Number of protein chains: 2
Amino acid sequence: MDLTGSLDLLWGDRPGPRRGPKPALTHDLIARTGIAIADAEGLAAVSMQRVAADLGFTKMSLYRYVPGKSELVALMADLAMGTPPADPGGDDRCARLRAWALALLPGFVRHPWVLEATTGPRVVGPNELAWMEAALAVLDGTGLGGAARMDVLAVLAGHVRNIAQQAATTPGGDTGTQFGAILAEVVRERGDRFPAVKAALAEAAEGGEDEALGFGLDLILDGLRARIGDPGRADPA
Amino acid sequence: MDLTGSLDLLWGDRPGPRRGPKPALTHDLIARTGIAIADAEGLAAVSMQRVAADLGFTKMSLYRYVPGKSELVALMADLAMGTPPADPGGDDRCARLRAWALALLPGFVRHPWVLEATTGPRVVGPNELAWMEAALAVLDGTGLGGAARMDVLAVLAGHVRNIAQQAATTPGGDTGTQFGAILAEVVRERGDRFPAVKAALAEAAEGGEDEALGFGLDLILDGLRARIGDPGRADPA
DNA sequence: CCAAACTGTGTCCATCGGAAGCAATTCTAT
DNA sequence: ATAGAATTGCTTCCGATGGACACAGTTTGG
């Protein structure tokens, strides 16, 4: 796996050549075209051919800008996540982390393919690193060690990813094939062998509102609050 | 997206035909062959051609057993995760959930491609459902609602997935390209723009042992302990 | 002014997932 | 026992994909 290609591309460490025809495309334009395709039809619909066609160019011209498809997808993913919002500040670090996590969700919901594109070891891009920086900055000055701070970040981001994954629909537009719906379908006729799952599903369907994201964040942040001296409710009601 | 194919295959609802030549292969054998390839060379190396070749058959013969590649991958993933261990029991539900989460990790570490294979909406297989059942059974009888019980499960499993993802190495055997190593490489020359990340990484590298999994679990389970009346240490010390 | 450098394109290739049809094999019904 | 039906594994074929390579046209520096 060659990571220098992704690294140079994502971080834009390219000396600008001066001779020859002026480039008609930019990394940004190419990536945005790919994002549009992935948003509408899923990551599988993103091919070099397709991206080039949507831009009005031939497939091979893209290779003048991007070393390969995986690097293009990495570029798309980093661009799609955008930059983190400004830290609201304040004394309650947990509240700030909560805001950070809540801000992370829309990107995953609007671009569900980013979940696919960012599984496994990869080169971290500028935007992803900026998100990490924002969360770690909040954790600066707590008694937590470096590894622990990274862990808090991983747990929070992981939870947001999970929620986004459950909410993700099939790109084709099959709104009925959400993860929960599929699960319910599977359990319907086999519930006897999985009574706890059956009960939880039935109760959840009856209960109404889905507060998965907030509930999980409260769970994690309550645990965190106990480890750092921070204002906020000590009694979780 | 046709889910009936995956559904029937994963759950083995196939009436056994009696006429014709006896099948030379089984779902189990095919899936295990695919797993061996994915373990050694990554999920990308798993093609119908390759699986068939390793079995000594032609590519198209596999389609007599499996409707398509995605269904094969789903079968591989469910088989690779195996069945959950027996619940140790006891009064401390959090300890039981901790054991459950710890038992979940080895499967992801041994088969990193399962993370890729199980992103996005999918048909849940028997083994995955058994893992869900095991965790939800522990949460039975707590005051938590159905949706909340599912959320606890999602948070725990999500954290384990995240840890496994960070520990995953490139399939090709590039042991140096773990996620943390790549991250460190990126930050090395750009640390000034990301001071919090730089500090956390430096401190983590110096600190030594990596307790990411346990730390995150403690975080989550402490938050959970506050919501269910359960024995266990109240002071996280 | 010319050679070097760069861009976009056309051609070519191996590989992939999968459809369709064919021959051989085995079971069921007579 | 035997004919027909069902099933298997194989061969052939197809469109699409990612990517290598060479080529012609364009721009710029010496």
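Everything numeric here is computed off the predicted structure, so don't read it as measured data. For the numbers below, each heavy atom of this structure counts, side chains included, while hydrogens, waters and symmetry mates do not. Lettering of chains follows the sequences in order, A, B, ..., and the numbering in each one begins at 1.
For B:K22, taking side-chain heavy atoms from C-beta onward, the closest of the listed nucleotides D:dG9, D:dG19, C:dC27 is C:dC27. Out of D:dT26, C:dG17, C:dT9, the shortest distance to the side chain of A:P21 is found at D:dT26. Out of D:dC10, C:dG10, D:dT17, the shortest distance to the side chain of A:M60 is found at C:dG10.
Within the structure, every side-chain polar atom (N or O) of B:T58 is placed at least 4.0 Å from both OP1 and OP2 of D:dG9. Regarding contacts with the backbone of D:dG9, a side-chain N or O of B:Y65 is found under 4.0 angstrom from either OP1 or OP2.
One interatomic measurement links the two molecules: NZ of B:K69 to P of C:dG18, which rounds to 9 Å at whole-angstrom precision.
Residue A:R64 places a side-chain atom within donor-acceptor reach of the base of C:dG8, judged by atom type and a 3.5 Å distance cut-off alone. With hydrogens and angles left out, the side chain of A:K59 and the base of D:dG19 share a donor-acceptor pair within 3.5 Å.
A:T33 and A:R50 share no side-chain donor-acceptor pair at under 3.5 Å. With hydrogens and angles left out, the side-chain atoms of B:S70 and B:R122 include no donor and acceptor closer than 3.5 Å.
Where A:G56 and B:A44 meet DNA chain C, the nucleotide closest to each residue was compared, and A:G56 sits on the side nearer the 5' end.
Contact check on A:R193 versus B:E133 returns no salt bridge, with no Lys/Arg side-chain nitrogen under 4.0 Å from an Asp/Glu carboxylate oxygen.
Residue-level contact check: A:S47 touches the backbone only, with heavy atoms under 4.0 Å from sugar-phosphate atoms and none from bases.
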